[in-house]
Amino acid sequence: MIRVLLVDDQPLIRSGFRALLDLEDDIEVVAEAGNGAEGLELARKHLPDIALIDVQMPVVDGIEATRRIAADPALAQVHVVILTNYGLDEYVFDALRAGAAGFLVKDIVPDDFLHAVRVAARGDALLAPSITRKLIDRYVSQPLAPGAGTGLEELTGREREAVTLVARGLSNDQIADRMVISPMTAKTHINRAMTKLHARDRAQLVVLAYESGLVTPRGS
């Protein structure tokens, strides 16, 4: 059972998402909150698998709530998916760096939304395709971040290859096919890379891959 926490200051939005999730046999909404501070309390109380968190909220906003969840060892199992009305802005970068596992726009169709919850619950990075394209485009015009690439030298050749494929959006099965290994071995390479690079999840691994120059939008 996938346990979900809804955090949004608009009751109608929460009700809509809850109505969709309650219809699924493998998903359970364990709690709802109207701001980030309440969301943090409920995350600690219920330990959900997924926290769907709105970006702009009173008291504590979604970015700060995400940052606090990511920094709390007791909430290591909680995957944060940020919700927004906007396609792309600085919130994307802030959210991913804060530790979000994904980023979705609120006009997502129901089937894609349910798929997104299940993808995030597996620990996979989750970005709407339109956001992914714009995120990559943004990296074209940005210089490498100071200190970017720290830790890459610790990766084995196979781990670097796996990270590159993760950053290009491939699933574990697709990475396994490309590297001619089993999906379990692919997952092992990715997990070891995340440990060495101190990445909380695949979303942060993608950010690190682009910021370090290991992967570029042109595929070099």
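- You'll find the side chain of Glu28 reaches within 4.5 Å of the side chain of Val30, heavy atoms only.
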Side-chain atoms of residues 10-22: list all donor-acceptor pairs with protein atoms under 3.5 Å, sequence neighbours left out, distances to 0.1 Å.
unit_1 : atom_1 : unit_2 : atom_2 : d
Arg14  : NE     : Glu32  : OE1    : 3.0
Arg14  : NH1    : Asp8   : O      : 2.5
Ser15  : OG     : Pro11  : O      : 2.9
Arg18  : NE     : Asp22  : OD2    : 3.4
Arg18  : NH1    : Glu32  : OE2    : 2.8
Arg18  : NH2    : Val29  : O      : 3.4

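- Note on Leu114: it clusters hydrophobically with Ile2, by side-chain heavy-atom contacts below 4.5 Å among ILVMFWY residues.
- Side-chain atoms of Asp49 and Val4, non-hydrogen and from C-beta on, never get closer than 4.5 Å to each other.
- Nearest heavy atom pair, residue Ala116 against residue Leu104, reads CB-CD1, 3.5 Å.
- Taking the side chain as every heavy atom from C-beta outward, Leu52 and Val7 never approach each other to under 4.5 Å.
- A donor and an acceptor atom, one from each side chain of Thr188 and Thr185, are nowhere located under 3.5 Å apart.
- In this structure, Val78 and Pro48 approach most closely via the heavy-atom pair CG2-O, 3.3 Å.
- For the residue pair Ala43 and Leu75, the shortest heavy atom distance occurs at O-CD2, 3.6 Å.
- The two residues Ala120 and Val81 come nearest to each other via the heavy atoms CB-CG2, 3.6 Å.
- Grouping the Ile, Leu, Val, Met, Phe, Trp and Tyr side chains by contacts below 4.5 angstrom, directly or via other members, places Met1 apart from Leu5.
- Annotation for Arg3: atom CZ counts as buried by contact number, over 12 foreign heavy atoms lying within 6.0 Å.
- Not a single donor-acceptor pair under 3.5 Å links the side chain of Arg68 to the backbone N or O of Gly36.
- Side chain of Glu38 to backbone of Gly34: a donor-acceptor contact under 3.5 angstrom is found.
- With Asp54 contributing its side chain and Met57 its backbone, the two residues share no donor-acceptor pair below 3.5 Å.
- Atom CD1 of Ile53 sits about 7.0 Å away from atom CG of Leu40, to the nearest 0.5 Å.
- A salt bridge is absent between Arg178 and Glu161: the closest approach of a Lys/Arg side-chain nitrogen to an acidic carboxylate oxygen does not fall below 4.0 angstrom.
- For the pair His115/Arg118, no side-chain contact is recorded, criterion being any heavy-atom separation below 4.5 Å from C-beta on.
- The pair Glu41-Lys45 does not meet the salt-bridge criterion, since no charged nitrogen lies less than 4.0 angstrom from a carboxylate oxygen.
- Nearest heavy atom pair, residue Ala162 against residue Ile190, reads CB-CG1, 4.1 Å.
- Sorted by first and then second residue, the pairs that involve residues 71-80 and meet side-chain hydrogen bond (donor to acceptor under 3.5 Å, both in side chains), not counting sequence neighbours, are Arg44-Asp72.
- Here the closest non-hydrogen pair linking Thr66 and Ala100 is CG2-N, 3.5 Å.
- In this structure, Lys196 contributes its side chain and Glu154 its backbone to a donor-acceptor pair below 3.5 Å.
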